[in-house]
Amino acid sequence: TSFGFLPQVIKIYKTKSVADISLIALIQFAIGISMWLLYGLHLKNIVIISANAVTLLVLVCAFILYFRYKK
């Protein structure tokens, strides 16, 4: 699931369009992943930390592309 949003990021990059992307959904997902990352850090659990760090990195790419191609 860490790369679950990657196809959407690729689509945004290829089409240079974010018309079908919900910013609210991106924000909510990022908040949830951030909370899981914080939980992993609290537990010092490398599996939880790495999985959610990868997911957050993909989401950061989505945010960058969202604001770059927003019209």
Side-chain angles (χ1 to χ4, degrees):
T1 60
S2 295
F3 296 104
F5 208 78
L6 190 59
Q8 192 66 55
V9 171
I10 292 168
K11 181 182 177 189
I12 294 169
Y13 181 75
K14 284 183 177 181
T15 64
K16 307 220 182 328
S17 172
V18 293
D20 56 347
I21 304 297
S22 168
L23 181 59
I24 300 284
L26 270 176
I27 291 169
Q28 287 177 332
F29 193 45
I31 290 170
I33 294 301
S34 297
M35 292 174 81
W36 270 106
L37 181 59
L38 289 172
Y39 179 65
L41 290 168
H42 173 72
L43 296 178
K44 298 178 181 153
N45 185 315
I46 193 68
V47 174
I48 296 173
I49 294 168
S50 57
N52 289 289
V54 167
T55 307
L56 197 56
L57 181 63
V58 172
L59 283 173
V60 166
C61 292
F63 276 113
I64 290 168
L65 291 173
Y66 183 90
F67 288 109
R68 182 174 182 187
Y69 297 125
K70 183 180 172 191
K71 293 182 179 168

Between Tyr69 and Thr15, is the side chain to side chain contact (heavy atoms under 4.5 Å, CB included) condition met? List the steps. CA-CA 9 Å; Tyr69 297 125; Thr15 64; over 6 Å; no

Show which side-chain atoms of residues 60-68 pair as donor or acceptor with protein atoms under 3.5 Å away, not counting sequence neighbours.
none

In the single-linkage hydrophobic clustering (I, L, V, M, F, W, Y; side-chain heavy atoms under 4.5 Å), do [X] and [Y] co-cluster?
X	Y	result
Leu26	Val9	yes
Leu59	Ile27	yes
Ile49	Phe3	yes
Phe5	Ile48	no

To check you understand the geometry: which heavy-atom pair defines the closest contact between Gln8 and Ile21, and what is its length? NE2-CD1, 2.8 Å

Sequence neighbours excluded, the answer for side-chain hydrogen bond (donor to acceptor under 3.5 Å, both in side chains) partners of Lys11 is Asp20

Could you tell me which residues satisfy side-chain contact (heavy atoms from CB on, under 4.5 Å) with [X], sequence neighbours excluded, listed by chain and number?
X	answer
Leu38	Leu41
Ser2	Ala51, Val54, Thr55
Ile46	none

With a cut-off of 6.0 Å (strictly less than), are more than 12 heavy atoms of other residues, nucleotides or ligands near NZ of Lys44? no

Set of ring pair (Phe, Tyr, Trp, His ring centres under 6.0 Å) partners for Tyr39, sequence neighbours left out: Trp36

Return the CG to CG distance between Leu57 and Leu6, rounded to the nearest 0.5 Å. 10.0 Å

Do Leu56 and Asn52 have side-chain heavy atoms sitting under 4.5 Å apart? no

